[in-house]
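Worksheet: one structure, shown below.
Numbers restart at 1 for each chain; the letters A, B, ... are given by sequence-line order, proteins then strands.
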Number of protein chains: 2
Amino acid sequence: MIRKNEEKIFEDYLARENLKHSEQRKEILDVFLNTDKHITADELYGIVRKKYPSIGYATIYRTIRLLCECGLCLELKIDDGTTRYEHLYGHRHHDHLICVKCNRFVEVVDPDIERLQEKLFKRFGFAPQRHRMELYGICKKCKK
Amino acid sequence: MIRKNEEKIFEDYLARENLKHSEQRKEILDVFLNTDKHITADELYGIVRKKYPSIGYATIYRTIRLLCECGLCLELKIDDGTTRYEHLYGHRHHDHLICVKCNRFVEVVDPDIERLQEKLFKRFGFAPQRHRMELYGICKKCKK
DNA sequence: TATAATAATGATAATAATAATCAAAATCAA
DNA sequence: TTGATTTTGATTATTATTATCATTATTATA
């Protein structure tokens with residue numbers, strides 16, 4: 001099950017860059033889109049390998065890079081040192097509440113905070129590019 | 001030039017944990033405190049080595065860990081993949097404006113944002129532990 | 001459709017940051 | 001001062017990611 005829009009974005013990007021499509025790339029995109037958000041390269045590799053046992057690690061990393069370049073994927077460096085990837089298409093910008101016990105991610109957007117961040121950029125004379133905000137704590141389930 | 005308070009915090013911590021003091025640890029703390037903020041392990045190593053040419057990389061990493069444990073140092077994972085360390089003692093919590101061109105760090109605190117962050121934690125039933133917020137952009141100097 | 005040019009793949013080696021190991025040296029409590 | 005314990009520096013190990021390269025797959029076009 002591939003979402004048509006995302007598939008088209010990827011294919012257009014490949015065509016634009018004179019790159020070739022392949023079964024592996026199709027499968028990696030499919031798995032990425034159908035899996036939980038905030039996946040690691042290793043987790044993605046583990047799932048893709050079920051269908052493509054011969055797939056190499058390098059292909060996973062190469063394809064993730066392409067997905068990031070064409071705007072379908074965002075790389076996140078988490079405080080614990082891991083690198084995770086999340087869907088970008090059809091997802092507005094958001095920040096994260098992260099449970100330090102169970103590693104659960106909750107996506108949040110607070111328009112008031114966003115507005116204040118813009119003001120901060122302006123106050124210090126910075127041209128805004130992007131921001132990240134992560135709130136680390138212990139979620140309801142893990143508290144009890 | 002060592003600041004007495006920090007030195008005491010470190011020594012107390014070592015005593016409490018039944019660890020020993022050493023010239024190397026003293027020197028690393030001294031360099032760390034007197035250097036610019038947001039230093040990498042490699043940069044710290046480079047400076048300390050001028051006074052202690054025989055120092056090993058492992059000692060740098062080991063001592064950084066101790067400094068983090070005793071609350072004098074905070075580890076920051078930056079979006080570009082580097083790990084940097086900043087002073088914690090005598091510095092209230094703050095967030096960062098980061099210039100993606102020249103790598104300049106500006107420390108900022110916005111009490112309104114802080115308050116809204118606390119509200120976000122509460123709204124999702126999280127027990128707050130800490131947060132990080134980084135605003136990436138291009139600073140005044142690099143714009144022109 | 002066959003071909004030729006180009007790119008992708010998978011296996012493997014390389015790299016870079018950090019951590020673990022261990023014998024020798026330093027610290028410190030008694 | 002000594003002896004137990006810790007630290008050190010050198011080195012090796014580990015982990016995530018990237019580069020290399022021969023083989024295979026894709027694709028434009030004849």
**OP:** Specify the separation, in whole Å, of atom OH of A:Y45 and atom C1' of D:dT17.
**Re:** 14 Å
Original post:
Think A:T59 has a side-chain N or O under 4.0 angstrom from the OP1 or OP2 of C:dA8?
Top reply: no
**OP:** With heavy atoms under 4.0 Å as the rule, sort B:D42 into base, sugar-phosphate or nothing.
**Re:** nothing
Original post:
So what does A:R25 hit on the nucleic acid, given a heavy-atom distance under 4.0 Å: a base, only sugar-phosphate, or nothing?
Top reply: sugar-phosphate
Original post:
Is the shortest side-chain N/O distance from B:S54 to OP1 or OP2 of D:dG9 below 4.0 Å?
Top reply: yes
**OP:** For the residue pair B:H94 and B:H38, categorise the inter-ring angle as parallel (less than 30°), tilted (30 to 60°) or perpendicular (more than 60°).
**Re:** perpendicular
Subject >> Interatomic distance, B:Q24 CD vs C:dT27 C1' [rounded to whole Å] >> reply: 11 Å
Original post:
Rounded to the Å, how far apart are B:E23 CD and C:dT27 P?
Top reply: 7 Å
**OP:** Report the C-alpha distance between B:T40 and B:D42 in whole Å, list the side-chain angles of each, state the deciding distance to 0.1 Å, and finish with yes or no for side-chain hydrogen bond (donor to acceptor under 3.5 Å, both in side chains).
**Re:** CA-CA 5 Å; B:T40 64; B:D42 190 58; 5.2 Å; no
**OP:** Figure out the CZ/C1' separation between A:R62 and D:dT20, and round it to whole Å.
**Re:** 10 Å
Original post:
Side-chain heavy atoms under 4.5 angstrom apart, residues restricted to Ile, Leu, Val, Met, Phe, Trp, Tyr: same cluster for B:L76 and B:L67?
Top reply: no
**OP:** For B:L19 and for A:H21, find the nucleotide of DNA chain C with the closest heavy atom, then tell me which residue's nucleotide is more 5'.
**Re:** A:H21
Subject >> Salt bridge flag under 4.0 Å for residues B:R130 and A:D79 >> reply: yes
Subject >> B:L66 CG to D:dT6 P, straight-line distance once rounded to whole Å >> reply: 13 Å
**OP:** Would you mind reading off the distance between A:N18 atom CG and C:dA5 atom P, rounded to a whole angstrom?
**Re:** 17 Å
Subject >> d(CZ, B:F10; P, D:dT7) in whole Å >> reply: 10 Å
Subject >> Toward the 5' end of DNA chain C, by each residue's nearest nucleotide, B:K77 or B:K20 >> reply: B:K77
Original post:
So what does A:T82 hit on the nucleic acid, given a heavy-atom distance under 4.0 Å: a base, only sugar-phosphate, or nothing?
Top reply: nothing
Original post:
Atom CZ of A:R65 and atom P of D:dA16: how far apart are they, to the nearest Å?
Top reply: 18 Å
Subject >> From C:dT18, C:dG10, D:dT8, nucleotide with atom closest to B:T83 side chain >> reply: C:dT18
**OP:** Treating Ile, Leu, Val, Met, Phe, Trp and Tyr as nodes and any side-chain heavy-atom pair under 4.5 angstrom as an edge, say whether A:L66 and A:I9 lie in one connected cluster.
**Re:** yes
Original post:
Can a side chain N or O of A:Y61 be found less than 4.0 Å away from OP1 or OP2 on D:dT17?
Top reply: yes
